[in-house]
Amino acid sequence: MVQPNPKRNRLLRFLKRLLTAPLVFIAAIFILLEDWLWDDLARLAAAIGRLPIFHQIENLILKLPPYAALFMFAAPSLLLFPIKLLALYFISHGQATLGMATVIGAKFAGTALVARIFTLTKPKLMRIKWFARLHDWFIAFKHRIYGAIKATVLYRFTHRKLAALRLVLKAWMGKRRSFLRRRWQAAVKLFRRQKQLQD
């Protein structure tokens, strides 16, 4: 009978942690960005949906039967496929920056669209039994995976760093908005002053 070798086992555990750490790091970033993108872009899409023309389209989507709603939910992925091919074309022809910008833009637009359409069509989609079962399975699976990743030290470190970055970006955007507001107010005052002088 082969006796277990503690040193060998420790070495194997160390190598496993070393090899899986980058994957956990990437998964942690992906999960955080997906959660933030989904919520924020869903709110942005809802705000856009309040515009009159989009509001009419949303009303039509709300009236769709279940399988038409399913098609509508799947449509953004199909529509974005040619854009992803275009990004690959850019990358293969030496325009990596343009290709990556196209992929990122498609990801943002697609996530916003899918998040909004899912919000609108979810009641109809959940009437389809196989979709409801698949949805419940996916949510349970996602929670298990998220739980495992969120329990790691690497995820907590990444979460803190990304949360700090998000606060910095929020503060920067606030300053940018206040700067633009001050510029706008100064332009309005100048316009009024010139108008008064002309009168």
Smallest heavy-atom separation, G99 atom then A87 atom, equals O-CB, 3.4 Å
Tell me, please, which residues at least two apart from I139 pass side chain to side chain contact (heavy atoms under 4.5 Å, CB included). H135, H143
Can you see which heavy atom on I83 is nearest to which on A106, and at what distance? CG2-CB, 3.8 Å
The ring-ring contact (aromatic ring centres under 6.0 Å, His included) partners of Y89 (sequence neighbours excluded) come to H93
Kindly work out whether a path of hydrophobic side-chain contacts (I/L/V/M/F/W/Y, heavy atoms less than 4.5 Å apart) joins L86 to V103. no
Could you list the residues that satisfy side chain to side chain contact (heavy atoms under 4.5 Å, CB included) with L165, not counting sequence neighbours? L162, L169
Spacing of OG1 belonging to T121 relative to CZ belonging to F73, to within rounding of 0.5 Å: 6.5 Å
I117 reachable from F71 in the ILVMFWY side-chain graph, under 4.5 Å edges: no
What one should report as the nearest heavy-atom pair of L120 and L62 is O-CD2, 3.5 Å
Could you work out, with side chain to side chain contact (heavy atoms under 4.5 Å, CB included) as the rule, every residue matching P66, not counting sequence neighbours? R127, I128
Cluster link L88 to M100, ILVMFWY, side chain under 4.5 Å: no
Separation between OG1 (T119) and CZ (R116), nearest 0.5 Å, reads 6.0 Å
With heavy-atom distances below 4.5 Å as the criterion, would you say the side chains of W137 and R133 are in contact? no
Are D136 and M126 packed together at the side-chain level, in the sense that at least one heavy-atom pair is separated by less than 4.5 angstrom? yes
Atom CG of L85 and atom OG1 of T102: how far apart are they, to the nearest 0.5 Å? 12.0 Å
Tell me, please, which residues at least two apart from A68 pass side chain to side chain contact (heavy atoms under 4.5 Å, CB included). L64, P65
Just to verify, what does W130 make a ring-ring contact (aromatic ring centres under 6.0 Å, His included) with, not counting sequence neighbours? none
Is K124 reaching over with its side chain to a backbone N or O of Y67, donor-acceptor style, under 3.5 angstrom? no
